[in-house]
Undergrad: 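Pasting in a structure now, in structure tokens, and then I'll have a few things to ask.
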Amino acid sequence: MEGLLYLEDGTLFKGKGFGAVTTAVGEMVFNTGVVGYQELMSDPACIGQILCMTYPLIGNAGVCTEGNESDHASAAGLVVGNICHTPSNYKSEGSLEDWMAQRGMPGVSDVDTRALTRKIREKGAMKCVISTEGISLEKAMELCKDTWPELGLMKNAGTKEYKHIPGTGSKVAVLDLGVRKSHLQILIDNDCDIHIFPYGSTADQILAVQPDGLFISSGPGDPRAAVEAVETVRKLMDKLPIFGVSMGHQVIALALGAKVFKLKYGHRGSNHGVLDKILDRSFIVSQHHGYAVEAESLVLTDGEVTHVNLNDGTVEGLRHRTLPVFSVQFSPEPTGGTKDSAYLVEHFLDLMKGGEK
């Protein structure tokens with residue numbers, strides 16, 4: 001079947017369709033990861049996005065149940081140079097294209113992903129339409145013009161009700177803005193007693209379970225729209241050790257009184273370099289985000305920068321000057337990426353046991 005990709009600047013890409021026979025509108029972004037495509041496409045942080053994978057061959061390892069970061073497909077669509085129809089991997093349970101078809105996700109292959117990536121780098125992430133059902137160019141233009149991206153996606157990306165995963169270790173409250181299964185697995189592997197709270201939970205509701213610490217998850221959308229979560233975190237800062245990642249990092253920054261801005265094309269891939277200013281060491285980490293904390297806005301707050309991006313100098317981590325509250329923009333111990341940043345999880349576990357800030 002034919003595949004179509006139309007960008008809001010008027011650029012049209014044609015290729016071969018795969019996955020679900022449908023049409024979707026989303027934000028066009030690119031990711032430089034070589035592996036981890038299934039984890040990425042099922043990550044709630046990708047809700048509302050159409051992903052362009054810069055690596056030329058995608059799907060060669062197939063898909064497996066343990067690779068899902070959520071119970072449903074999260075990305076709106078996928079664009080690749082080449083899609084592998086005959087995957088080979090000892091864990092493979094099927095093909096990527098069948099997995100996408102089952103989850104209603106369209107894909108387009110045989111696209112010049114290098115040209116598409118260069119366009120995004122030059123003009124920034126933009127709205128687009130992806131279709132595998134033979135719509136006309138005029139219809140694509142109409143959809144792209146009339147459909148507007150939702151900013152508060154994190155409000156519906158996570159659990160809708162309180163959940164409990166029993167454990168014998170530290171009691172962790174998780175504020176779910178679109179938490180990844182692999183992040184919960186890190187806590188499970190450390191025997192944590194996990195209490196997952198939906199978006200909109202109040203500080204009193206979280207404190208009612210008497211947690212040893214709060215983990216604020218990653219998630220999709222514009223962090224500036226997460227006003228309820230920001231208010232909750234602001235009220236908890238002087239009561240619990242807090243660790244935030246990605247969207248959670250930005251929520252902590254906003255709770256401190258800092259500002260967040262949208263990056264031109266974001267940081268998305270499994271090979272981004274960051275510098276830990278406290279340890280004076282650099283690490284390779286996995287990232288998928290389109291917003292960043294404004295460093296200058298932290299100056300008059302109780303926060304300070306702890307990590308910086310080695311490519312563009314943007315803020316990758318921060319901490320409260322006096323309280324056990326810290327966060328990073330990247331993913332600790334990611335599936336499909338490096339494990340350089342596992343020390344951050346260990347620090348959070350230590351804080352919950354009464355360790356020093």
Undergrad: To which residues is Leu153 joined in a hydrophobic cluster, defined by side-chain heavy-atom contacts under 4.5 Å among Ile, Leu, Val, Met, Phe, Trp and Tyr, whether direct or through other members?
TA: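 ILVMFWY cluster around Leu153 also holds Ile47.
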Undergrad: Hey, does the side chain of Asp280 reach the backbone of Asp276 with a donor-acceptor pair shorter than 3.5 angstrom?
TA: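 No, Asp280 side chain to Asp276 backbone: no donor-acceptor pair under 3.5 Å.
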Undergrad: For residues 184-202, which residue pairs qualify under salt bridge (Lys or Arg N to Asp or Glu O under 4.0 Å), counting only residues two or more places apart or in two chains?
TA: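 Residue pairs with at least one partner in residues 184-202: there are none.
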Undergrad: In the hydrophobic clustering that connects Ile, Leu, Val, Met, Phe, Trp and Tyr at side-chain heavy-atom distances below 4.5 Å, which members other than Val299 occupy its cluster, ordered by chain and number?
TA: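 Its cluster mates, by chain and number, are Leu300.
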Undergrad: Flag yes if more than 12 heavy atoms outside Lys259 fall under 6.0 Å of its NZ atom; otherwise flag no.
TA: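 Open.
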Undergrad: Answer yes or no: is there a donor N or O on one side and an acceptor on the other, between the side chain of Arg268 and the main chain of Tyr265, under 3.5 Å?
TA: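 Indeed, once roles are kept as given, a pair shorter than 3.5 Å links the two residues.
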Undergrad: Any chance you could lay out the side-chain hydrogen bond (donor to acceptor under 3.5 Å, both in side chains) test for Thr11 and Asp9, step after step, and finish with the verdict?
TA: CA-CA 6 Å; Thr11 303; Asp9 72 344; 2.9 Å; yes
Undergrad: Any donor-acceptor pair under 3.5 Å linking the side chain of Glu122 with the backbone of Lys119?
TA: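 Here the side-chain-to-backbone pair does not exist.
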Undergrad: Applying a strict under-4.5 Å side-chain criterion to I, L, V, M, F, W and Y, I'd like to know whether Val25 and Met28 cluster together.
TA: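 No: no chain of side-chain contacts under 4.5 Å links Val25 to Met28.
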Undergrad: For His320 and Glu304: C-alpha separation, side-chain torsions, deciding distance, then whether side-chain hydrogen bond (donor to acceptor under 3.5 Å, both in side chains) applies.
TA: CA-CA 6 Å; His320 195 284; Glu304 61 180 348; over 6 Å; no
Undergrad: So, the side chain of Thr306 versus the backbone of Leu318: is there a donor-acceptor pair under 3.5 Å, distance only?
TA: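 Present.
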Undergrad: Ignoring hydrogens and angles, tell me if any N or O in the side chain of Thr147 forms a donor-acceptor pair with the backbone of Cys144 under 3.5 Å.
TA: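 Such a contact is absent between Thr147 side chain and Cys144 backbone.
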Undergrad: Let me confirm one number: the CG-CD distance from Leu96 to Gln38, rounded to the nearest 0.5 Å.
TA: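 The distance works out to 8.0 Å.
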Undergrad: Quick check against the 3.5 Å criterion: does Lys171 have a side-chain atom that pairs as donor or acceptor with the backbone of Gly167?
TA: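 Here the side-chain-to-backbone pair does not exist.
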Undergrad: Step by step, would you call His288 with Leu40 a side-chain contact (heavy atoms from CB on, under 4.5 Å)?
TA: CA-CA 9 Å; His288 189 88; Leu40 178 65; 3.4 Å; yes
Undergrad: Do side-chain atoms of Tyr37 reach the backbone of Ala61 as a donor and acceptor pair under 3.5 angstrom?
TA: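 The answer is yes, because a donor-acceptor pair under 3.5 Å joins these two groups.
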Undergrad: Using distance only, find each side-chain donor-acceptor pair of residues 70-83 under 3.5 Å and give its atom names and separation, not counting sequence neighbours.
TA:
{"unit_1": "Ser70", "atom_1": "OG", "unit_2": "Ser42", "atom_2": "O", "d": "2.6"}
{"unit_1": "Ser70", "atom_1": "OG", "unit_2": "His72", "atom_2": "O", "d": "2.7"}
{"unit_1": "Ser70", "atom_1": "OG", "unit_2": "Ser74", "atom_2": "OG", "d": "3.4"}
{"unit_1": "Asp71", "atom_1": "OD1", "unit_2": "Lys181", "atom_2": "NZ", "d": "2.5"}
{"unit_1": "Ser74", "atom_1": "OG", "unit_2": "Ser42", "atom_2": "O", "d": "3.1"}
{"unit_1": "Ser74", "atom_1": "OG", "unit_2": "Asp43", "atom_2": "O", "d": "3.3"}
{"unit_1": "Asn82", "atom_1": "ND2", "unit_2": "Pro56", "atom_2": "O", "d": "3.4"}

Undergrad: What closest approach, in Å, do Phe326 and Leu351 show between heavy atoms, and which atom pair accounts for it?
TA: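 That would be CE2-CD1, 3.7 Å.
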Undergrad: Return the CD1 to OG1 distance between Ile196 and Thr159, rounded to the nearest 0.5 Å.
TA: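 The distance works out to 6.5 Å.
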Undergrad: Using every non-hydrogen atom in the two residues, find where Ser95 and Pro87 come nearest and quote the distance to one decimal.
TA: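 Nearest heavy atoms, Ser95 then Pro87: CA-CG, 4.0 Å.
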Undergrad: Mind checking what makes side chain to side chain donor-acceptor pair (under 3.5 Å) contact with His85, not counting sequence neighbours?
TA: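 His85 satisfies side chain to side chain donor-acceptor pair (under 3.5 Å) with Glu97 once adjacent residues are dropped.
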Undergrad: Go through the steps to decide whether His183 and Glu69 satisfy the test side-chain contact (heavy atoms from CB on, under 4.5 Å), and finish with yes or no.
TA: CA-CA 9 Å; His183 289 171; Glu69 288 288 6; over 6 Å; no
Undergrad: List the atom of Gly152, the atom of Ala225, and the distance in Å for their closest heavy-atom pair.
TA: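 The answer is CA-CB, 3.9 Å.
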Undergrad: Using modelled atom types and a 3.5 Å cut-off, is there a donor and acceptor pairing between side-chain atoms of Gln329 and backbone atoms of His249?
TA: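 Answer holds: no.
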Undergrad: Tell me, which pairs form a side chain to side chain donor-acceptor pair (under 3.5 Å) where one or both residues lie in residues 12-30, sequence neighbours left out?
TA: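 Sorted result for residues 12-30: Thr23-Ser131, Thr23-Glu133, Glu27-Lys262.
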Undergrad: For Asp312 and His267, what are the C-alpha separation, side-chain angles and deciding distance, and is it a side-chain hydrogen bond (donor to acceptor under 3.5 Å, both in side chains)?
TA: CA-CA 10 Å; Asp312 60 12; His267 299 156; 2.7 Å; yes
Undergrad: Can you tell me how far the CD1 atom of Ile50 sits from the CG atom of Leu7, to the nearest 0.5 Å?
TA: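 CG of Leu7 is found 9.0 Å from CD1 of Ile50.
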Undergrad: Could you give the distance from OG1 (Thr168) to CG (Asn190), rounded to the nearest 0.5 Å?
TA: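 It comes to 10.5 Å.
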Undergrad: What do you reckon, are the aromatic ring centroids of Phe13 and Tyr6 less than 6.0 Å apart?
TA: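 Aromatic pair excluded; centres sit 6.0 Å or further apart.
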Undergrad: Which residues pass the ring pair (Phe, Tyr, Trp, His ring centres under 6.0 Å) test with Phe18, not counting sequence neighbours?
TA: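 If we apply the ring pair (Phe, Tyr, Trp, His ring centres under 6.0 Å) test to Phe18, skipping adjacent residues, there are no hits.
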Undergrad: Side chain of Thr301, backbone of Leu298: donor and acceptor closer than 3.5 Å?
TA: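 The answer is yes, because a donor-acceptor pair under 3.5 Å joins these two groups.
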Undergrad: Any side-chain heavy-atom pair from Ile252 and Leu256 closer than 4.5 angstrom?
TA: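 The answer is yes; the side chains approach within 4.5 Å.
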Undergrad: Measure from the side-chain N and O atoms of Thr232 to the backbone N and O of Ser201, and report whether any donor-acceptor pair falls under 3.5 Å.
TA: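 The answer is yes, because a donor-acceptor pair under 3.5 Å joins these two groups.
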Undergrad: If you take all heavy atoms of Met237 and Ala255, which pair is closest and at what distance?
TA: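 In this case the closest contact between Met237 and Ala255 is CE-CB, 3.6 Å.
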Undergrad: List the residues meeting side chain to side chain donor-acceptor pair (under 3.5 Å) with Lys127, not counting sequence neighbours, and say none if there are none.
TA: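 Side chain to side chain donor-acceptor pair (under 3.5 Å) list for Lys127, sorted by chain: empty.
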Undergrad: Does CD belonging to Glu294 count more than 12 external heavy atoms closer than 6.0 Å?
TA: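 It does: Glu294 CD has more than 12 such atoms within range.
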Undergrad: Count the heavy atoms belonging to other residues, nucleotides or ligands that lie under 6.0 Å from CG of Asp146, then report whether that count exceeds 12.
TA: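 Yes, CG of Asp146 has more than 12 neighbouring heavy atoms, counting only those of other groups under 6.0 Å.
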Undergrad: Look up atom SG in Cys84 and atom CD1 in Ile58, then write down how far apart they are to the nearest 0.5 Å.
TA: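 So the SG of Cys84 and the CD1 of Ile58 are separated by 10.0 Å.
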Undergrad: Given side-chain contact (heavy atoms from CB on, under 4.5 Å), test Val315 with His307 step by step and report yes or no.
TA: CA-CA 6 Å; Val315 177; His307 298 72; over 6 Å; no
Undergrad: Can you name the side chain to side chain donor-acceptor pair (under 3.5 Å) partners of Glu150, sequence neighbours left out?
TA: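 Here no residue qualifies.
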Undergrad: Carefully, step by step, assess Trp99 and Asn68 under the rule side-chain contact (heavy atoms from CB on, under 4.5 Å).
TA: CA-CA 11 Å; Trp99 181 89; Asn68 291 329; 3.3 Å; yes
Undergrad: Tell me the closest heavy-atom pair linking Thr132 and Met1, and the distance in Å.
TA: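 Shortest heavy-atom contact: O-SD, 3.6 Å.
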Undergrad: Under the salt bridge (Lys or Arg N to Asp or Glu O under 4.0 Å) rule, what pairs show up with a residue in residues 215-236, not counting sequence neighbours?
TA: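 The answer is Lys155-Glu228, Asp222-Arg224, Glu231-Arg234, Glu231-Lys235.
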Undergrad: Apply side-chain hydrogen bond (donor to acceptor under 3.5 Å, both in side chains) to Ser182 and Glu39, showing your working.
TA: CA-CA 9 Å; Ser182 59; Glu39 291 83 355; over 6 Å; no
Undergrad: Just checking His289 against Phe330, ring centres under 6.0 Å apart?
TA: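 No; Phe330 has its ring centre 6.0 Å or more from that of His289.
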Undergrad: With rounding to the nearest 0.5 angstrom, report the CG to CG distance, Asn60 to Asn89.
TA: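 Going from the CG atom of Asn60 to the CG atom of Asn89 covers 8.5 Å.
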Undergrad: Could you tell me which non-hydrogen atom of Pro223 sits nearest to which non-hydrogen atom of Leu254, and how far apart they are?
TA: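 Distance-wise, the nearest heavy atoms are O-CD1, 3.4 Å.
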Undergrad: Can you name the residues that form a side chain to side chain donor-acceptor pair (under 3.5 Å) with Arg103, not counting sequence neighbours?
TA: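 Side chain to side chain donor-acceptor pair (under 3.5 Å) list for Arg103, sorted by chain: empty.
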Undergrad: Could you list the cluster mates of Phe261? Members are the ILVMFWY residues connected by side-chain heavy atoms closer than 4.5 Å, either directly or through other members.
TA: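 Other cluster members: Leu263.
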